[in-house]
Amino acid sequence: MSADKLRSRDDDPSGRALSPVRKRSLAFFRVTALWEAFLVALGSLRQNKLRTALTLVGIVVGVAAVIAVVTIIQGLDNKVATTFSSQGSTVFSISKRPQIIRSREEFIKFNKRKDVRHEDADAVARLCSACWRVGEAANARETLKHGDQKFENVNIRGVSPTTMFDIDGRAVDAGRVWTDSEGISGREICVVGPDVLTNLFGGASADRVIGQEVRIAGRPFQIIGVLEPLGSIFGASRDSVAYIPYATYQKVYGARDSIVIFIQVPAAQQLEVAEDQVRTIMRNRRGGAFSQEDDEGFSLETQDVFLDLYGKATSNIYLVTIGVAAISLVVGGIVVMNIMLVSVTERTKEIGIRKAIGARRKDILTQFLIEAVMVTAIGGAIGVLTGFGLAYLIAALIGFPLLMSVGSAILGVGVSSVVGIVSGLWPAWRAARLDPIEALRAE
Amino acid sequence: MSDVTLATPPAPDVLPAPTQSTRGHDVNSLISMRDIWKTYQMGSEEVHALHGVSFDIPKGEYIAIIGPSGSGKSTLMNLIGCLDTPSQGEYWLNAKNVSEMDDDELARIRNQEVGFVFQTFNLLARATALHNVELPLIYGGVGSAQRHEMAKQALAAVDLADRVTHRPNELSGGQRQRVAIARALVNHPSILLADEPTGALDTHTSMEIMDLFERLHGEGNTIIVVTHEPDIAARAHRVISIRDGLIEKDEKIR
Ligand SMILES: Nc1ncnc2c1ncn2[C@@H]1O[C@H](COP(=O)(O)OP(=O)(O)OP(=O)(O)O)[C@@H](O)[C@H]1O
Ligand SMILES: [Mg+2]
């Protein structure tokens, strides 16, 4: 019987003659149908502007948060990299206390150490063959005065010898640094950062403040030089500084403070050898006694400690941001799903009509998926722009250069499109599975 | 009326009389239904909208299906139009066994083999007349230039060449139904199905639509119309009467 049917179908001439319509390949997607889906989605979004806008909010917030944070941190990364690599990678320091103290116990432990003194710096300078520049420095915070002008919280850096300017990567813009004899004799002279000019001299040019007087801790100091600006980092200006000879610093603040020895090597490759030499020298000076358990009695550090700390801080910020973004994207996705379900219900009749005239399940499915992805992609794009705008504002306020990357823009739109696909899938599937007759009955 | 005609292939010269049997389909028929049942499950109760309907329709016929409300006319039309599948029985369309087809194949049949005209027009409200007519071509994968041409031709064939850019709410009921007919015909289907096409129209407009059907039949189209109105049924060449899901009478009247 069935063989009979097959044969009769094959040699039935009328079957073919009666079917004048071109038999098209059952291509998975039809370009024409996809284009129609695109236009329908566009029309639908345009028609429901308010609804579309509300749908976008979650996605926009999520993407904007990520973009803003990523952009800011990338800008910071860039800044940090250039700041530290300009001099940091060839410099290390010996100090009584490390630059970062994590607990009270640590603080107590480090405080028991012997002070690092000028003699230590001398020994290092004498004995370390791999060391290029050796200097010592101590810091204090002080208010500077000129006439009735005040400039608070200025970093007073007592340094010796003047090679510390090179180790710090600071150059003189006007005037000069002190001579060795001036330094040793502890004269009250200083080299100031450009912020001092803006805050005490009404922005006078560097040349005009040379020879002027400022009061540091109540003592009159003569300005003999002005530094080139270095800008700020993390909102703190590095130009709000006054360098004075270490001998002078001792006169003002006494010799009670432990100093920090800075050592520079010509190139980063020598760093390890120099560190080993300095460590040996310092251990010998401490009597070779590992008296206090595992502590060698001093801290040898490079700028890496800052980079490590910075890395940890930013990765925490990233984590929090990703969390915030994930939550708003999930919420945004749920909103999109909801709106798409409403859209499917509203357009049940339309779906019925389309199916009745030959739309396949995948045609309907793609139509609603395209609509969902279109909403979220637009949301993503707005989010990217908002995020960049936000980052720009914050960067302008804090004052660091921005790094807007195409990669993060693509990622923002990409991720939100994925959210669109995921949240549009279920509504679209429901639309695609609608029974044409039942769908046509809907009003 | 317009002298623009739809390109339909010439009918074969000889149409052999269908061989009636409850088993096996007639190879010469355009439509061959064998012992078709449609059963709806209403809670614990089974509702048989159709129970055991068999008939053959050769190409080129003009058929009216009549019967009281609830007798199963729409159910039958939906089956013929592949909008629905029978619970039981065999349906052969163009020598293809529709009752065994999957969803995509049924969509293709609806797209290319069947033109359906509804009582309530079922046009896309936001689309122009032209776009509505283009829709089957879009899902058939016809490129835009050819599609425009075909849709314009179809609209011209129903005398709406000057209403191409109108949306449904800018058209009269009769004009809307003519757009729907153009849409049904644009893909040159094997068969034109109309379920109470004049049900929402006044008498005058109804007659215009029926004139159009008559002309389309004259041009070689196979047409099945469901109707309540005797004078509309009287225009067909064959009338199938349905009662309680069974064929009560099947007579040639012309
Ligand atoms: N989805 C459904 N679920 C349950 N019963 C249904 C369904 N669709 C149709 N029926 C039943 O099938 C029978 C036939 O319905 P159908 O719509 O075919 O009638 P009809 O002849 O077209 O009537 P009318 O002239 O009023 O349009 C009716 O008794 C109806 O209640
Ligand atoms: Mg009906």
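Bear in mind the structure is a predicted one, so any value in this text is a computation, not a measurement. As a basis for the values below, the full set of heavy atoms in this structure was taken, side chains included, without hydrogen atoms, waters or symmetry mates. Note on naming: letters A, B, ... go to the chains in the order of the sequence lines (proteins, then strands), and numbering restarts at 1 for each one.
- Atom CH2 of B/W37 sits in a crowded spot, with more than 12 heavy atoms from other residues, nucleotides or ligands closer than 6.0 Å.
- For the atom pair CG (B/L83) and CG (A/D435), the distance works out to 8.5 Å, reported to the nearest 0.5 Å.
- With hydrogens and angles disregarded, a donor-acceptor distance shorter than 3.5 Å links the side chain of B/N111 to the backbone of A/I357.
- To the nearest 0.5 Å, atoms CZ (A/R361) and CG (B/D104) are separated by 8.0 Å.
- Neither the backbone nor the side chain of B/S144 has a heavy atom closer than 4.5 Å to any heavy atom of chain A.
- Of the listed residues (B/P136, B/G143, B/A125), the one with the most heavy-atom contacts under 4.5 Å to chain A is B/P136.
- Note that CG of B/N78 and CD1 of A/I437 are 4.0 Å apart. Values are rounded to the nearest 0.5 Å.
- Using a 4.5 Å cut-off on side-chain heavy atoms (C-beta onward), A/V40 and B/R126 make no contact.
- Environment of NE2 in B/H48: crowded, with over 12 heavy atoms of neighbouring residues, nucleotides or ligands closer than 6.0 Å.
- For chain A, the nearby part of B/D103 is the side chain; its heavy atoms alone come within less than 4.5 Å.
- Contact count versus chain A (heavy atoms, under 4.5 Å) is highest, among B/H131, B/R110, B/E134, for B/R110.
- Between A/L440 and B/N122, the closest side-chain pair of non-hydrogen atoms falls below 4.5 Å.
- Interface summary for chain A: among B/L135, B/I138, B/I109, the most heavy-atom pairs under 4.5 angstrom belong to B/I138.
- Expressed to the nearest 0.5 Å, how far CG of B/L124 lies from NZ of A/K349 amounts to 10.5 Å.
- The two residues B/A107 and A/R360 have their closest heavy-atom pair at CB-CG, 3.6 Å.
- Minimum interatomic distance between A/G358 and B/Y139 (heavy atoms only, all atoms of both residues): O-CB, 3.8 Å.
- Only the backbone of B/L123 has a heavy atom closer than 4.5 Å to any heavy atom of chain A.
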